[in-house]
Number of protein chains: 4
Amino acid sequence: MTQTEHPAPCPPRNSKAASRKCEQILQSAGQLFLQQGYERTSMSQIAHLAGVSKGSLYNHFENKADLFTAFFEERSRTRLNTLKSVSRAPQPDLRTALRQAAATIITLMIDPEAIGLYRIVVAEANEFPNLADTLWHYGVSRTLTGLADWFAEKHAGGQLVISDIDLAAEQFLTMCQTRIIHRCRLSLPVDTSQNSIDGVATMVAESFLRMYAP
Amino acid sequence: MTQTEHPAPCPPRNSKAASRKCEQILQSAGQLFLQQGYERTSMSQIAHLAGVSKGSLYNHFENKADLFTAFFEERSRTRLNTLKSVSRAPQPDLRTALRQAAATIITLMIDPEAIGLYRIVVAEANEFPNLADTLWHYGVSRTLTGLADWFAEKHAGGQLVISDIDLAAEQFLTMCQTRIIHRCRLSLPVDTSQNSIDGVATMVAESFLRMYAP
Amino acid sequence: MTQTEHPAPCPPRNSKAASRKCEQILQSAGQLFLQQGYERTSMSQIAHLAGVSKGSLYNHFENKADLFTAFFEERSRTRLNTLKSVSRAPQPDLRTALRQAAATIITLMIDPEAIGLYRIVVAEANEFPNLADTLWHYGVSRTLTGLADWFAEKHAGGQLVISDIDLAAEQFLTMCQTRIIHRCRLSLPVDTSQNSIDGVATMVAESFLRMYAP
Amino acid sequence: MTQTEHPAPCPPRNSKAASRKCEQILQSAGQLFLQQGYERTSMSQIAHLAGVSKGSLYNHFENKADLFTAFFEERSRTRLNTLKSVSRAPQPDLRTALRQAAATIITLMIDPEAIGLYRIVVAEANEFPNLADTLWHYGVSRTLTGLADWFAEKHAGGQLVISDIDLAAEQFLTMCQTRIIHRCRLSLPVDTSQNSIDGVATMVAESFLRMYAP
DNA sequence: AATGAATGAGTCTTCATTCAT
DNA sequence: CATGAATGAAGACTCATTCAT
């Protein structure tokens with residue numbers, strides 16, 4: 001019987017120790033993958049950083065690609081869900097609310113980890129097409145839905161006049177990427193101070209209002 | 001410490017044959033780098049595809065990184081300079097001109113080669129920080145300047161009212177990336193038909209006018 | 001920057017098999033290094049002769065230089081410590097004792113392995129300066145100390161009159177290298193028969209006595 | 001006709017330019033071979049240092065081994081012939097003359113170039129056995145003959161009593177290698193001041209006189 | 001004669017993966 | 001389950017030598 005069992009993607013472990021070790025591996029792998037990318041990160045490095053043996057890696061994950069995918073999903077889920085709750089800040093003033101939403105989005109998306117996840121998806125788009133789905137699912141999609149719901153509400157309330165609400169949400173999100181996020185992704189020198197972020201956020205809010213205010 | 005001669009970056013060759021072979025190498029390297037990225041592309045593959053011996057590569061380029069950089073600069077220069085001449089299409093109608101400019105930008109930027117170059121910059125931002133400069137210099141910077149000049153002209157002519165012209169150009173370019181370009185970069189399924197492009201382009205032009213028309 | 005684990009210099013292995021393989025590698029490496037020198041010996045050759053895979057070499061030694069150093073130290077320690085016990089042969093006659101000591105030294109130093117170690121030190125003196133220290137520590141230093149102690153005793157006993165005992169020991173050792181050892185090191189044709197050795201040994205003893213007898 | 005002519009070892013050139021270039025190559029090759037040894041020196045390096053093309057090397061020398069041999073013979077001839085004229089300094093006092101001869105020998109033999117040539121012979125004794133002959137012929141043999149002639153004269157004059165004159169010459173030369181030369185060859189730290197040299201030289205002269213003075 | 005691009009065998013080293021303990 | 005030694009394919013790069021120009 002040469003067939004090998006496929007170890008589950010880790011989580012559903014019974015023993016607590018096993019689960020700990022699994023998390024430890026994912027944590028270390030993540031650190032390295034985010035810093036160096038997939039190809040430049042070796043299983044030895046991961047094992048070393050995680051403080052486990054190289055063989056142990058293969059007790060928990062089928063192979064390098066599997067570990068990579070597992071890391072990416074776990075990080076996308078735990079990290080990007082902060083984006084979900086953007087918007088909806090109970091601000092009396094729509095202009096202010098929009099500005100705050102934009103600022104929040106910018107701040108979240110220039111976080112080194114978010115930048116790293118984006119980079120990984122782009123870098124490995126050919127080899128690991130599923131990453132984009134994961135990123136979209138946990139990151140973009142939720143944000144867009146959140147924004148769309150919010151805009152729909154304002155539309156219903158007469159504060160905004162929007163024909164294509166989904167497109168508007170996408171526009172809003174895209175405009176947030178002006179200047180700062182875009183350059184961060186390219187590692188170009190850029191002013192990421194709160195002032196700078198507020199500047200872009202204000203511009204986004206103003207432009208959005210001019211586009212969709214009644 | 002071994003002393004190696006530094007072969008010039010290739011171009012200034014006297015013999016015609018040498019120049020041809022150099023281009024051949026760059027061409028093949030480009031194809032592979034764009035498809036697979038830096039790490040996954042081996043010098044052997046490049047030599048094989050270019051039809052030369054592995055050793056020959058090192059007569060023209062110091063090492064893999066050097067060849068990579070040379071490829072990237074050459075492609076950035078020759079490919080992205082098409083972006084330079086965007087805009088300025090002599091259209092009587094500003095709305096139409098903006099729409100066409102947006103459509104042109106979108107079309108150029110979802111070209112597989114442009115997408116590939118972008119991916120490479122993002123993927124190798126840590127290892128090769130200069131790539132971003134090159135991309136910005138040959139690609140983004142020229143486009144922004146072109147747009148800014150154009151907008152300044154229209155501002156002087158009273159057709160637009162813009163306080164920060166550079167920011168406006170950046171906004172225009174950013175908005176063009178809504179939906180299509182963004183998803184292309186992630187290899188997500190996306191409708192890239194002319195219709196779809198025109199849709200986004202129209203949205204960009206309309207929004208821009210609402211933001212900056214007098 | 002790749003992180004590699006530093007495998008211990010081999011010895012402190014727990015498993016018996018690992019230790020065996022390590023010795024096997026050192027043994028094969030030694031054979032080749034002694035025959036061909038450092039540069040001409042390839043890791044492939046070593047792996048082949050040791051009957052292990054090329055990769056295995058790197059589980060036990062960091063790199064070629066490390067393996068080389070390990071080999072040299074091990075051989076110096078195990079081989080050259082025979083020199084330590086030279087002299088002190090309980091001979092009633094000092095002349096005879098000196099002659100025997102000289103003969104022993106000559107015999108030990110024209111052993112192919114001793115010649116090989118000397119050649120390696122000289123050949124790699126620039127690249128591996130530590131080898132000389134190792135050789136001196138395990139080989140020369142002990143012999144000199146042994147001789148000096150012996151001479152000091154004889155000096156105290158009135159059989160020799162020596163002002164600088166350390167220099168005298170060094171002289172004795174140097175004189176032993178007349179003709180035979182010197183030519184062996186250069187691979188020049190030379191008579192290494194017992195007769196020939198005894199001839200030089202006798203000359204050394206006679207000369208030494210004429211220099212230092214009261 | 002695929003047969004290639006064997007270019008003569010260089011010297012007998014008619015054109016002056018050719019001879020110059022040949023010397024230039026030998027000079028550069030020597031510098032590198034002496035510093036790095038045979039294996040570590042590449043034809044590219046030599047060509048680069050000599051300021052000629054790689055191909056030119058093969059117009060003057062059949063291959064690397066040939067160039068190496070040519071270098072070694074030329075250097076041995078031109079450099080080591082200084083040893084020839086040792087001794088015979090017209091000193092009234094034999095003790096002083098011996099001391100001076102010893103000091104001269106030591107000084108000449110710790111010259112970096114002499115050390116380098118010795119190292120090369122020892123390092124390449126297996127691969128290039130002829131080097132030792134060359135070294136012996138141009139270096140050792142002449143010195144020994146010179147010393148032997150001198151000693152024979154003194155023997156005839158009654159100042160020395162020597163049974164085996166050749167052996168005596170060899171002893172003298174060997175004793176000169178005590179301490180300083182020996183350690184220089186191993187790149188061990190050693191005092192090479194004039195004082196230190198004089199000290200060993202004095203010891204050699206004294207010892208020699210005690211051995212052979214009437 | 002001189003050049004320098006071309007070659008391809010060979011170098012050291014890394015890596016993902018397996019398996020006996 | 002955990003370990004870590006073993007593997008062999010593959011990586012980037014070097015080098016002596018040749019040959020068309």
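Worth saying up front: this structure is predicted, and the values here are computed from it rather than measured. Below, chains carry the letters A, B, ... as their sequence lines are ordered, and counting in each starts from 1.
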Distance check needed: [N] [atom2] versus [X] [atom1], whole Å only.
X	N	atom1	atom2	result
C:I46	E:dG10	CD1	P	17 Å
B:K54	E:dA6	NZ	P	17 Å
A:E39	E:dC15	CD	C1'	11 Å
D:R20	E:dA1	CZ	C1'	17 Å
D:L67	F:dT17	CG	C1'	14 Å
D:Y38	F:dC15	OH	P	13 Å
C:H48	F:dT7	NE2	C1'	16 Å
B:M43	E:dT11	CE	C1'	16 Å

Are [X] and [Y] side-chain neighbours, meaning at least one heavy-atom pair lies under 4.5 Å?
X	Y	answer
C:E113	C:L34	yes
D:Y38	D:F128	yes
B:I120	B:F68	yes
A:R119	A:S187	yes
B:L26	B:L67	yes
D:Q36	D:Q45	yes

Polar side-chain contact D:N63-F:dA16 base: donor and acceptor under 3.5 Å: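 No, no donor-acceptor pair under 3.5 Å.
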Nearest-0.5 Å distance that lies between atom CD in B:E124 and atom CZ in A:R40: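 Reported to 0.5 Å precision, the distance equals 4.5 Å.
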Stem list, DNA chain E (Watson-Crick or G-U pairing under 3.5 Å, at least 3 consecutive pairs):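 The stems are E:2-21 with F:2-21.
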To the side chain of [X], which of [options] is closest?
X	options	result
D:S53	E:dT17, E:dG4, F:dA6	E:dG4
C:S56	F:dA16, E:dT17, F:dT7	F:dT7
D:N59	F:dG11, E:dA2, F:dT17	E:dA2
C:S44	F:dC15, E:dT17, E:dT11	E:dT11
C:K64	F:dA12, E:dC12, F:dC15	E:dC12

F:dG4 phosphate, OP1 or OP2, under 4.0 Å from C:H60 side-chain N/O: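 Checking C:H60 against F:dG4: no side-chain N or O falls below 4.0 Å of OP1 or OP2.
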Presence of D:K21 side-chain N/O under 4.0 Å of E:dT3 phosphate oxygens OP1/OP2: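 Result: yes.
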First encountered from the 5' end of DNA chain E, between D:L57 and C:A65: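 It is D:L57, whose closest nucleotide lies nearer the 5' terminus.
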Parallel, tilted or perpendicular: rings of C:F33 and C:F71 (30°, 60°):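 Tilted.
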Residue whose closest nucleotide on DNA chain F lies nearer the 5' end, B:Q45 versus C:V52: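 Final value for this comparison: C:V52.
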